[in-house]
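Owing to the predicted nature of the structure, the values given are computational and were not obtained by experimental measurement.
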Amino acid sequence: MTRFRVSGRGRVDHDRPISFTFDGARIEGRAGDTVASALLANGVHLMGRSFKYHRPRGPVAAGSEEPNALIGTRRGKGRFEPNTRATVQEIWNGLEASSQNKYPSLKFDVGAVNDRAYMLFSAGFYYKTFMWPKSFWDKVYEPFIRAAAGLGVSPKEEDPDTYASRYLHTDVLVIGAGPAGLAAALNAARAGLRVTLVDENSEAGGTLLSEPQAEIDGVAAWDWISGALGELETLGVRIMTRTTAIGYYHQNMVGLCQKLTDYLETPDSQMPRERLWRVRAGQVILAQGALEKPLVFDGNDRPGVMLAGAAQTYLNRYGVRVGDRAVVATCHDSAWYAAFDLADAGTKIEAIVDTRAEVPAALHAGAEARGIPVLMSHTVTGTKGRLRVSSVRVNPVQAGKVGADRTLSCDCLLMSGGWTPSLHLFSHTKGSIAWDEDMQTFLPDRKTEACQIAGAGRGLWGIEAALNDGAAMGAEAARELGKASGDVSYAVAQDRPGSGVSHTELPTDRNPGAARAFVDYQNDVTAKDLRLAVREGMRSIEHVKRYTTNGMATDQGKMSNINGLNIAASALGRKQPEVGLTTFRPPYTPTTFGAFAGYHRGSHFAMTRKTPIDSWAEENGAAFEPVSLWRRAWYFPKAGEDMHAAVSRECRATRKSVGIFDASTLGKIEIVGPDAVEFMNRMYTNPWTKLAPGRARYGLLLGDDGFIRDDGVIGRLADDRFHVTTTTGGAARVLNMMEDYLQTEWPDLKVWLTSTTEQWSTIALNGPNARKLLAPFVEGLDISDEAFPHMSVAECTVAGFPARLFRISFTGELGFEVNVPARHGRALWEKLWEAGRQYDICAYGTETMHVLRAEKGYIIIGQDTDGTVTPHDAGISWAIGKNKPDFVGKRGLERSDLKAEGRKQLVGLLTEDGKTRLEEGAQIVLDPNQPKPMKMVGHVTSSYHSDAAGQPIAMALVEGGHARMGETVFIPMTDSVIKAKVTGTVFYDPDGERLKL
């Protein structure tokens, strides 16, 4: 039995020893221990080093708010996690735990030299130190900052664990399974509602686990917990422990992170490590309780200095005394009860040091009965001890004056500055908070979501108050959801509600400017740092936060924000509500990247969308490439062919006879309504009013800035209906842009937008024999050149399938695009393929499509444009309606810089030797002999070998390109300089005769 373990005390299994290692040393704990409680049971308080000063640190708390005791944990290869809170990491046989931020060892850390020079590292020192000399940045400052950054060491091995995610809909979500949460869940479930109860701890009970002396309606606290959980299970309540509510979002969605295997010695290999839940709740009940505040005084960070409530938890929940001789420093009643519990368990309480002049008589009586000295109207002014506190310096305070000191020997110092409601999740909703002058804290005020706040989370202290308020909030949630719930009240014996006062800093007889009085333990922010920030001009609490880093630690200000606010407000000479709190942001506690990624890793990292024809392409040997989120057939190689040979063959076959191409990935949007044509006129540069049903037109879409955003062929099916196509990668972006304008700029228009990208499977037929192949399959429509000219669209039947047939081409050849319901896509493809054998039909992929379109000078948005290209730059000014009064981007086009000479413009390039194919992205210069750095005037956007042109072709964006026709430009490469002539962008069939076959 370890020295500080109290036999028979707590909720750990004393008959199940657990062995693990900490910094290589074997440590023995008990089943149910955390790393922190097991180490404390062995007398180990030193568990880490602080970030900036590398000061020795031990646990100050017992829960997820812990800022000091951060450790690395390892289960095996790839299963290492840094910055785990020792206070919440459960132990199991074989766990490897290690301290952080030290070298060469935890007890002797050379980084502690920073502590000796702490006066050089005051608030904002990095802003002042790393400014000059400028030459130091690369070789001195940046390496120093990078070496000093961070606490733990990032994992270097691939994580072998899996992570899951799920959605959940529930009537009531109760967050926190303490007395308020349990009572709320009971009342809501009794009303017949679907209830989900979550708690971040390994078991439900909250403060009841640390206060077993309480009796609820005559039942011992722990027995009452068992009875309540049993009833909740009978009522069908989903109870989720080890589950943290990490964020509260709009429309009552709450993110939960559930630990599934981190506490198991031999987890099932098929089990995910963690699961992320997205919960939609009709009502949310926040029953997160309150957090104990540290006291701010010189030396309040030494190992052995911890919150009184934490010591009480270690004793009553884990059966561990945190020391043999304790001093209790407090300004709140709750610390007295912690002192009583430890005294009853065998710890000698050297003194209770209370800043107040009076406390309830019952507290004095309790101390007297246990022989505990009491020092009223006293303050703590310092501590001593290198790796653990060894003594406390205390002074009397009379009429605001600090008297002579005395020293109390101890091995632990338990402090309590009162309690602060946990407002983090409530703050995520942007609900307002209000300052309570009596309690000197912020409380939740105006709500923005359908939620209730219960118990200590809204400033109600004591188990009885929490139970009754929880029951009332459960009933209120039920009423909001249209269910009746009875009134329930609880009576609690041996309750410990308590009260206290609040301090900015404890009074001291020493120079406050030299005090090491810590506010943010993890970032080593002291009270004097906060005062310095105010003196140096920081007036906003957000600026104070960033200047000092107070509240930026991984505990998200749980331990430091209120004390930091009080000190800043005092320095500013303003009231706390005038200064306000900094913003609490999700996640509530640090959450693994794996939990957020969930199933999205490896082959599942990004969703791969496949068309209905994809399987045929795979069966027929296609090589694939990713295009946006789609997998597309790249080319179809035959035996012995590389990509270039296959693409050349596909190009020749298509131009000679007929090629078939899967164009299903094109974005498709249905625009319908009485104002559809007006909407089209406003969105696109082209005019649409006179476009007759049955005809199609190229559509160009700009942004407000006048730059090209997307394009596509658009068919008018009826007076009030358009079939819009977009680029493969632009479908979602275009729809979002349209919806944004429709909802915010033109809500009066009667138009409905529907994404139909996956509704239609699209097959493109191109080549001189395209009509011969398709015509026998088309029913009820004459597709001759006279009856169905280029840029026509019609609804008809193709091969027995309902279809939308376009006569359009992206290759310059006679072309048709057949849209059929997606479920018929492969069937139609196979019919056309079989019938096309007589014409030596050729299936071609995206690379061939790129070559064919480039030969005709057809641009691809995002490849031949870069977000700064206008229609004039791209050579498609003809797509802008000459007499259109307005459209998106019209005013942007009028800006002088978009009309300026020297803009980069799209041109064609032919290499001088007629053999060299340029590299896409290669930079272009006008003079290859100019001194370095050379002035780049453009870059190659598209480059291919063209059989039709008989040589390599390229397109490029070049400064003033349209005026440089016939000029020679230069493309510097690593081994040579390539010459190229500037040409037009059309390399084949410039008159478009092949479209009319």
Side-chain angles (χ1 to χ4, degrees), residues 647-648 650-652 654-656 659 661 685-686 696-700 708 711-713 727 764 766-768 770 789-791 807-815 844 846-866 869-880 903-912 914 916-918 920 924 938-969 971 980-997:
V647 169
S648 291
E650 291 171 11
C651 288
R652 291 192 301 270
T654 300
R655 296 249 188 249
K656 179 180 179 181
F661 175 68
T685 64
N686 325 58
R697 177 169 291 163
Y698 174 79
L700 185 62
I708 296 173
D711 69 349
V713 175
T727 57
N766 290 276
H790 183 59
M791 299 303 278
R807 183 179 168 186
I808 55 177
S809 175
F810 197 49
T811 64
E813 299 292 327
L814 170 65
Y844 66 91
T846 55
E847 188 67 16
T848 296
M849 178 268 290
H850 280 222
V851 176
L852 295 174
R853 66 90 194 172
E855 290 173 342
K856 292 291 295 179
Y858 298 153
I859 68 171
I860 291 182
I861 305 302
Q863 179 167 333
D864 299 306
T865 66
D866 62 2
V869 174
T870 69
H872 178 70
D873 297 336
I876 51 176
S877 299
W878 52 264
I880 299 176
R903 288 186 55 79
K904 290 184 179 179
Q905 297 167 336
L906 194 65
V907 297
L909 293 180
L910 293 174
T911 53
E912 186 179 75
T916 305
R917 187 174 72 85
L918 300 174
E920 291 181 353
I924 299 169
H939 69 279
V940 178
T941 62
S942 298
S943 180
Y944 312 97
H945 177 79
S946 168
D947 284 328
Q951 67 180 94
I953 61 174
M955 298 167 76
L957 286 170
V958 177
E959 289 182 8
H962 294 167
R964 296 186 184 277
M965 294 299 154
E967 290 186 13
T968 297
V969 294
I971 298 90
K981 183 174 72 172
V982 178
T983 71
T985 56
V986 181
F987 301 96
Y988 177 68
D989 185 29
D991 296 326
E993 293 299 324
R994 298 183 65 85
L995 284 174
K996 306 168 187 176
L997 295 175

* **Beyond-backbone contact of Met791 with Val713, side-chain heavy atoms, under 4.5 angstrom** => yes
* Asked: Quick one: side chain to side chain contact (heavy atoms under 4.5 Å, CB included) partners of Thr985, sequence neighbours excluded?
  -> Leu906, Met955
* Asked: Taking NZ, NE, NH1 and NH2 as the nitrogens, is one of them in Lys904 or Asp873 under 4.0 Å from a carboxylate oxygen of the other?
  -> no
* Side-chain contact test, heavy atoms from C-beta onward, threshold under 4.5 Å: evaluate it for Leu814 versus Pro768 and give yes or no. => no
* To do: Kindly give the heavy-atom pair with the smallest separation between Ala879 and Leu700, and that separation in Å.
  => CB-CD2, 4.1 Å
* Measure the shortest side-chain to side-chain distance between Tyr858 and Asp711 over non-hydrogen atoms and say whether it is less than 4.5 angstrom. => no
* For the pair Ile876 and Ile708, evaluate side-chain contact (heavy atoms from CB on, under 4.5 Å) and give the outcome as yes or no after the intermediate values. => CA-CA 11 Å; Ile876 51 176; Ile708 296 173; 4.1 Å; yes
* Structure fact -> For Tyr698, the ring pair (Phe, Tyr, Trp, His ring centres under 6.0 Å) test, sequence neighbours excluded, returns Trp878
* Asked: Counting only N and O atoms by type, is there a donor-acceptor contact under 3.5 Å from the side chain of Glu967 to the main-chain atoms of Val982?
  -> no
* What are the two closest non-hydrogen atoms of Ser809 and Gly812, and how far apart are they? -> OG-N, 3.0 Å
* Asked: Side chain of Gln905, backbone of Gly961: donor and acceptor closer than 3.5 Å?
  -> yes
* To do: Please list, chain by chain and in numerical order, all residues satisfying ring pair (Phe, Tyr, Trp, His ring centres under 6.0 Å) with His945, sequence neighbours excluded.
  => none
* What is the minimum heavy-atom distance between Ser648 and Asp947, and which atoms define it? -> CB-OD2, 3.2 Å
* **Within-4.5 Å side-chain heavy-atom neighbours: Glu813 and Arg655** => yes
* Structure fact -> Residue set satisfying side-chain hydrogen bond (donor to acceptor under 3.5 Å, both in side chains) with Thr916, at least two apart, ordered chain then number -> Asp913
* Structure fact -> Residues passing the side chain to side chain contact (heavy atoms under 4.5 Å, CB included) test with Thr983, sequence neighbours excluded, are Leu910, Lys981, Phe987
* Asked: With the threshold set at 4.0 Å, does a side-chain nitrogen-carboxylate oxygen contact exist between Asp989 and Arg994?
  -> no
* Residue pair Asn766 / Thr654, side-chain donor-acceptor N/O under 3.5 Å -> no
* Ile924 side chain near Val940 side chain, heavy-atom distance below 4.5 Å -> yes
* Gap separating the OG atom of Ser943 from the CZ atom of Arg917, nearest 0.5 angstrom -> 5.0 Å
* To do: Determine the interplanar angle of the His850 and Tyr944 rings, folded into 0 to 90°, and report it as parallel if under 30°, tilted if 30 to 60°, perpendicular if over 60°.
  => perpendicular
* Derivation and outcome, side-chain contact (heavy atoms from CB on, under 4.5 Å), residues Val958 and Arg964 -> CA-CA 9 Å; Val958 177; Arg964 296 186 184 277; 4.1 Å; yes
* Which pair of non-hydrogen atoms, one from Val907 and one from Met965, has the smallest distance, and what is that distance? -> CG1-CE, 3.9 Å
* Apply side-chain hydrogen bond (donor to acceptor under 3.5 Å, both in side chains) to Glu847 and list each qualifying residue two or more places apart in sequence or on a separate chain. => Trp634
* At their closest point, which heavy atom of Arg697 faces which heavy atom of Asn686, and how far apart are they? -> CD-CB, 4.1 Å
* **Separation of Ile971 CD1 from Leu909 CG (nearest 0.5 Å)** => 6.0 Å
* So, Ser942 versus Arg853: side-chain donor-acceptor pair below 3.5 Å or not? -> yes
* Asked: Which atom names give the shortest non-hydrogen contact between Glu855 and Ser946, and what distance separates them?
  -> OE2-OG, 2.5 Å
* **Reported CD1-to-OG1 distance for the pair Ile860 and Thr727, which is rounded to 0.5 angstrom** => 9.5 Å
* Can you find a heavy atom in the side chain of Thr811 that is under 4.5 Å from one in the side chain of Tyr844? -> yes
* To the nearest 0.5 Å, what is the distance between CG (Leu957) and CG (Asp864)? -> 7.5 Å
